[in-house]
Amino acid sequence: MQYQKHIEGILARLNQVILGKEPQIRLFLMALLAGGHVLLEDVPGVGKTTLANALARTLSLSFGRIQFTPDTLPSDVTGISVYQRNTGEFSYRPGPVMKQLVLADEINRTSPKTQASLLEAMAEEQVSVDGTIYPLPKPFMVIATQNPIEFLGTCQLPEAQLDRFLMRLSLGYPEREYELLMAEKYLKNEDVSEVLPPLADAALIVEMQRECAAVFVHPELIAYIVSIVEATRSDPQFSLGASPRATLALLRTSQAAAYLAGRNYVFPDDVQSVLYPVLCHRMILSVEARMKKLTCERVLREMLLHIPVPVLNREALCGKIV
């Protein structure tokens, strides 16, 4: 792949900033290359904001942060039209959403109306202010965070908004050895993200996204993806199955997984490796499943056992034999 060395360098850089979280960092980069958005659901203090900042610095992307609170208004997100007395006209003052990488911090602490102000931006890469449409810069990615254990003063994200996120991820607590290393770096005042130069720019990321979208997916693998999504709709352990948008999300993320691995074709393993972060936030377990204390991951894992995996040779996977 043309940009494989760039990808390896970006991953190495981010792994220097966030220690011991290589699988999650790879998923973050997959989401960016697939043109999607990430919901980062985690407890405070594990590096959510640091990772977003490091990603923006490493890729030389413009960075906007929205600190959501109960009194945050939609105009605080999208921007406003300001009257210019000298010209007698209104001019648009952009909001933080007009950046290439947007951190929507504690998104579930604001009202549903303000949460909805991100829907148009995430789905259509544009915002509408006073009847005028403003296109967003490319590449564009939203990283939204929320605390999964606090409910006081929060507004649960509706299913329509959850479905706009390509993935839901969690960093989790670091292992002991990495936490010790992090403490040592802190005492030495070693902030890697501040001193190292960027490794890419917006134009390069857009070109990598085009390459990623061109990764070949065999028709049988497409059928495999559709079978997985269909099965979530008929499984009685789900009261809400995955949407058609989930099919496209799983397809795009599988392409990104193959692209990061240096291939221009998708393996069945690529599909399975991104299945849980792409699908689980889009579905709702039934009351019976929740009473049995089942998780979405466990139900999906059991469901996959009954879906045949395509058996294809390498030539077929590469698109030489269709």
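Just so it is clear, the structure is predicted and the values come from calculations on it, not from any experiment. What you see below is based on every heavy atom in this structure, not just the backbone, and it leaves out hydrogens, waters and symmetry mates.
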We want to know whether Thr114 and Ser117 form a side-chain donor-acceptor pair, criterion being a heavy-atom distance below 3.5 angstrom. no
State whether the side chain of Thr232 and the backbone N or O of Val229 hold a donor-acceptor pair below 3.5 Å, judged by distance alone. yes
Arg298 atom CZ, neighbour heavy-atom count above 12 within 6.0 Å: no
Between Met208 and Leu204, is a side chain to side chain contact (heavy atoms under 4.5 Å, CB included) present by the stated rule, with each step listed? CA-CA 6 Å; Met208 290 167 68; Leu204 179 61; 3.9 Å; yes
For a 4.5 angstrom cut-off between non-hydrogen side-chain atoms, does Leu304 reach Leu275? yes
What residues form a side chain to side chain contact (heavy atoms under 4.5 Å, CB included) with Ala257, not counting sequence neighbours? Met30, Asp270, Ser273, Val274
For Lys21, does the NZ atom sit with more than 12 other heavy atoms under 6.0 Å from it, leaving out its own atoms? yes
Do you know the tightest heavy-atom contact between Asp71 and Asp76? O-OD2, 4.3 Å
If every non-hydrogen atom of Pro198 is compared with every non-hydrogen atom of Ser60, which pair is closest and at what distance? CB-CB, 3.8 Å
Stepwise side chain to side chain contact (heavy atoms under 4.5 Å, CB included) test for Met98 and Tyr134: CA-CA 9 Å; Met98 296 299 292; Tyr134 299 94; 4.2 Å; yes
Is the shortest heavy-atom distance from the side chain of Cys296 to the side chain of Phe238 under 4.5 Å? yes
Contact summary for Val97 and Ala121, nearest pair of heavy atoms: CG2-CB, 3.9 Å
Run the salt-bridge test on Glu297 and Arg301 with the 4.0 Å N-O cut-off and return the result as yes or no. no
Got a sec, which residues hit side chain to side chain contact (heavy atoms under 4.5 Å, CB included) with Val206, two or more places apart in sequence or on another chain? Lys138, Pro139, Gln209, Arg210
Quick one: CG on Asp163 to CE on Met122, what's the gap to the nearest 0.5 Å? 10.0 Å
Does Phe140 have its ring centroid less than 6.0 Å away from the ring centroid of His37? yes
Spacing of CD1 belonging to Ile25 relative to CD belonging to Gln16, to within rounding of 0.5 Å: 10.5 Å
Can you name the nearest heavy-atom pair linking Leu294 to Gln237, along with the distance? CD1-OE1, 2.9 Å
Look at the side chain of Gln4 and the backbone N and O of Leu260, then say whether any donor-acceptor pair between them is shorter than 3.5 Å. yes
Per-pair distances, 0.1 Å, donor-acceptor, side chain in residues 164-176, under 3.5 Å, sequence neighbours excluded:
residue	atom	partner	partner atom	Å
Arg164	NH1	Ala160	O	3.1
Ser170	OG	Glu41	O	3.4
Ser170	OG	Asp42	OD2	3.0

Side chains of Glu106 and Thr145: is there a donor and an acceptor less than 3.5 Å apart? no
Hey, are the side chains of Thr69 and Thr72 touching, using non-hydrogen atoms and a 4.5 Å cut-off? yes
Does any N or O in the side chain of Ser128 come within less than 3.5 Å of the main-chain N or O of Gly131, such that one atom is a donor and the other an acceptor? no
State whether the side chain of Thr253 and the backbone N or O of Ala249 hold a donor-acceptor pair below 3.5 Å, judged by distance alone. yes
Measure the spacing between CG of Asn108 and CG of Asp105 and express it to the nearest 0.5 Å. 10.0 Å
Is Leu101 reachable from Leu11 through a run of I, L, V, M, F, W or Y residues, each pair having side-chain heavy atoms under 4.5 Å apart? yes
Stepwise side chain to side chain contact (heavy atoms under 4.5 Å, CB included) test for Leu300 and Tyr276: CA-CA 8 Å; Leu300 272 178; Tyr276 304 127; 3.7 Å; yes
Which value, rounded to the nearest 0.5 Å, describes the distance between Leu40 atom CG and Lys48 atom NZ? 6.5 Å
Flag side-chain contact, heavy atom, 4.5 Å: His218 against Ile222: no
Heavy-atom nearest pair, Val102 first then Pro96, reads CG2-O, 3.6 Å
Within-4.5 Å side-chain heavy-atom neighbours: Pro74 and Lys113: yes
Any heavy-atom pair between the side chains of Leu221 and Pro268 that's under 4.5 Å? yes
Any chance CZ of Arg290 has more than 12 other-residue heavy atoms, nucleotides or ligands included, within less than 6.0 Å? yes
Glu211 and Tyr259: side chain to side chain donor-acceptor pair (under 3.5 Å), yes or no, with the steps? CA-CA 8 Å; Glu211 268 200 353; Tyr259 187 78; 2.5 Å; yes
Are side-chain N/O atoms of Tyr224 and Gln272 paired as donor and acceptor at under 3.5 Å? yes
For the pair Gln100 (side chain) and Ala202 (backbone), establish whether a donor and an acceptor sit closer than 3.5 Å, ignoring hydrogens and angles. no
For a side chain to side chain contact (heavy atoms under 4.5 Å, CB included) check, start with the C-alpha distance between Val129 and Ile80, then their side-chain angles and the critical distance, and finish with the verdict. CA-CA 7 Å; Val129 179; Ile80 58 174; 5.5 Å; no
Do the non-hydrogen side-chain atoms of Arg282 and Leu162 ever get within less than 4.5 Å of each other? no
Does one hydrophobic cluster hold both Leu27 and Leu248, with members joined at side-chain heavy-atom distances below 4.5 Å? no
Output, in order, the C-alpha distance, side-chain angles, deciding distance and verdict of side chain to side chain donor-acceptor pair (under 3.5 Å) for Glu8 and Tyr3. CA-CA 9 Å; Glu8 292 171 1; Tyr3 300 108; over 6 Å; no
How many angstroms lie between atom CZ of Arg252 and atom OG1 of Thr247, to the nearest 0.5 angstrom? 11.5 Å
Any donor-acceptor N or O pair under 3.5 Å, side chains Arg65, Gln67: yes
Looking only at heavy atoms, the pair that brings Gly9 and Leu199 closest together is O-CD1, 3.3 Å
Could you check whether any side-chain heavy atom of Ile66 comes within less than 4.5 Å of a side-chain heavy atom of Ile107, counting everything from C-beta outward? no
Spacing of Ile228 atom CD1 and Leu279 atom CG [to the nearest 0.5 Å]: 7.5 Å
How about Ser81 and Asp130: does a side-chain donor come under 3.5 Å of a side-chain acceptor? yes
